[in-house]
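Accompanying notes for the structure given below.
Whatever order the structure lists ligands and atoms in, that order sets their numbers, starting from 1. Values reported hereafter were calculated over all heavy atoms of this structure, with side chains retained and with hydrogens, waters and symmetry mates removed.
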Amino acid sequence: MRLSRYFLPILKENPREAEIVSHRLMLRAGMIRQQGAGSFSWLPLGKKVLDKVCRIIREEQDRAGALEILMPTIQSADLWRESGRYEDYGKEMLRIKDRHERDMLFGPTNEEMVTEIFRSYIKSYKDLPLNLYHIQWKFRDEVRPRFGVMRSREFLMKDAYSFDLDFEGAKAAYNRMFVSYLRTFTRMGLKAIPMRADTGPIGGDLSHEFIILADTGESEVFCHRDYLDLKVPGEATDFTNDDEIAGIVRDWTTPYAATDEMHDEAAWDKIAEGDRLSARGIEVGHIFHFGDKYSKPMGAKVTGPDGKDHNVSMGSYGIGPTRLIAAIIEASHDENGIIWPESVAPFDVGIINMKAGDAECDRVCDELYSKLTAAGRDVLYDDTDQRPGGKFATADLIGLPWQMIVGPRGVAAGEIEIKNRRTGERETLPIEAATKRLGAA
Ligand code: 5CA
């Protein structure tokens with residue numbers, strides 16, 4: 001992408017309404033535009049990051065055996081009356097009437113709808129286990145939307161729903177999602193700690209929140225320091241092996257970890273003081289095992305091997321991709337801007353033409369651009385006539401992991417400079433070596 005043809009509305013000043021660094025940087029980097037209380041448009045740079053985040057989520061959901069679907073945002077109130085949640089959900093639910101005066105709602109979550117799909121098609125235990133997920137916009141009329149996309153009213157959610165014959169099967173499904181979440185967050189450069197949590201309006205008695213430690217987090221959390229060194233399972237993890245998966249979950253649930261609501265002072269006191277980590281955290285994912293809470297009232301049952309009907313045992317598993325982006329920025333930035341982990345960076349490489357219009361600089365930049373692009377790298381080429389200082393500031397603000405700096409003096413010597421955004425290290429290299437270093441032959 002050439003910057004001269006891109007839409008990147010950078011803000012020079014710090015927006016006054018932004019209280020936390022991620023919100024400030026997302027606005028300044030032209031990633032999002034606020035449209036109303038807790039409602040945001042995603043501009044090109046933000047949309048690119050969002051797509052990369054969702055891609056990792058998809059890959060790890062698919063790896064764990066979940067199947068992607070897409071359900072509507074607007075739901076019928078009647079479905080929610082079947083489960084009893086229409087009245088229970090309270091003011092967070094946006095209730096709407098259609099032209100026939102029918103009660104509708106903008107989905108804050110999809111347990112009812114996915115249970116309706118399940119019961120319409122699946123009748124036998126032989127079709128289990130099943131896990132269906134989608135990535136769809138949700139609306140929750142939060143009392144206090146704040147911190148930009150961190151707590152908004154309209155936000156993106158990946159929500160998965162598992163169906164099993166019995167408690168044991170549902171526990172195995174829960175474990176698969178648990179491990180899939182560990183892998184998902186680690187691939188985004190985040191250290192997420194699973195913590196026992198309160199189940200709130202989703203229900204059930206087993207749930208874990210996945211928490212990123214950050215001073216600006218809304219939750220108060222308590223955990224053992226051992227979590228900081230636990231190893232995240234690799235790509236070769238066998239999601240069909242229930243024992244292997246259960247073993248990983250055991251390792252990741254043995255040290256103490258709990259959110260504020262579930263905190264157990266007595267257990268906490270038993271941990272040596274130097275091993276206690278009491279901090280603030282951001283909830284980026286939340287998984288629930290709730291058995292037959294929805295399947296029973298909604299009649300989602302299958303015939304078991306015993307020939308009898310069984311209400312299926314269910315769980316649901318959420319990740320907030322829009323909130324995740326804010327969490328990544330909270331965890332990874334400096335005074336100059338965002339430092340993207342390479343896996344979710346909007347572009348892999350920036351090319352900074354220090355003297356656009358200079359025939360040699362333009363030629364070298366064009367060549368670098370086409371070589372890197374042909375090699376599959378996502379490149380942002382700053383071909384504008386801004387001054388070099390402004391270009392450096394932009395590249396750092398939007399967090400391009402690698403920057404190639406092309407100036408007339410270097411080009412005359414056949415060299416360019418490459419800079420690593422995270423370490424700040426700069427290195428001058430012959431043009432070809434630099435191109436190779438950044439992934440093109
Ligand atoms: N149905 C279940 C799991 S699929 C559910 O709704 N869980 S949840 O309420 O915990 O939400 C799942 C995830 O959505 C949260 O972990 C969080 O990452 C994200 N999320 C929830 N509320 C908001 C919000 N107001 N703004 C941004 N993200 C949110």
- Task: Return a yes/no value for K158: is any of its N or O atoms, backbone included, closer than 3.5 angstrom to an N or O of ligand 1?
- Result: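 Checking ligand 1 against K158, no N or O pair falls under 3.5 Å apart.
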
- Counting from 1 in the order shown, the ligand 1 atoms closer than 4.0 Å to a non-hydrogen atom of S152 are 24 (C), 25 (N), 26 (N)

Given [options], identify the one with the heavy atom nearest to [atom].
atom                    : options                : result
atom 28 (N) of ligand 1 : Y133, F210, F155       : F155
atom 7 (N) of ligand 1  : Y317, F147, F288       : F288
atom 6 (O) of ligand 1  : R140, K138, E111, E283 : R140
atom 13 (C) of ligand 1 : G320, S316, P145       : G320

- Message: One residue to check: T322. Relative to ligand 1, which of side chain, backbone, both or neither has a non-hydrogen atom less than 4.0 Å away?
- Response: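 It is neither part, as no heavy atom is under 4.0 Å.
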
- Using a 4.0 Å heavy-atom threshold (strictly under), name the region of H286 that reaches ligand 1: side chain, backbone, both or neither. both

Is it true that [X] and [Y] make a salt bridge, defined as a side-chain N closer than 4.0 Å to a carboxylate O?
X   : Y    : result
D88 : R85  : no
E59 : R187 : yes
R95 : D141 : no

- Task: Compute the centroid of each ring, for W252 and then for F178, and state whether the two points are separated by less than 6.0 Å.
- Result: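 Not under 6.0 Å, so no.
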
- Query: Is it true that atom NZ of K191 has more than 12 heavy atoms of other residues, nucleotides or ligands lying nearer than 6.0 Å?
  - Reply: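 Enclosed: over 12 neighbouring heavy atoms sit under 6.0 Å from NZ of K191.
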
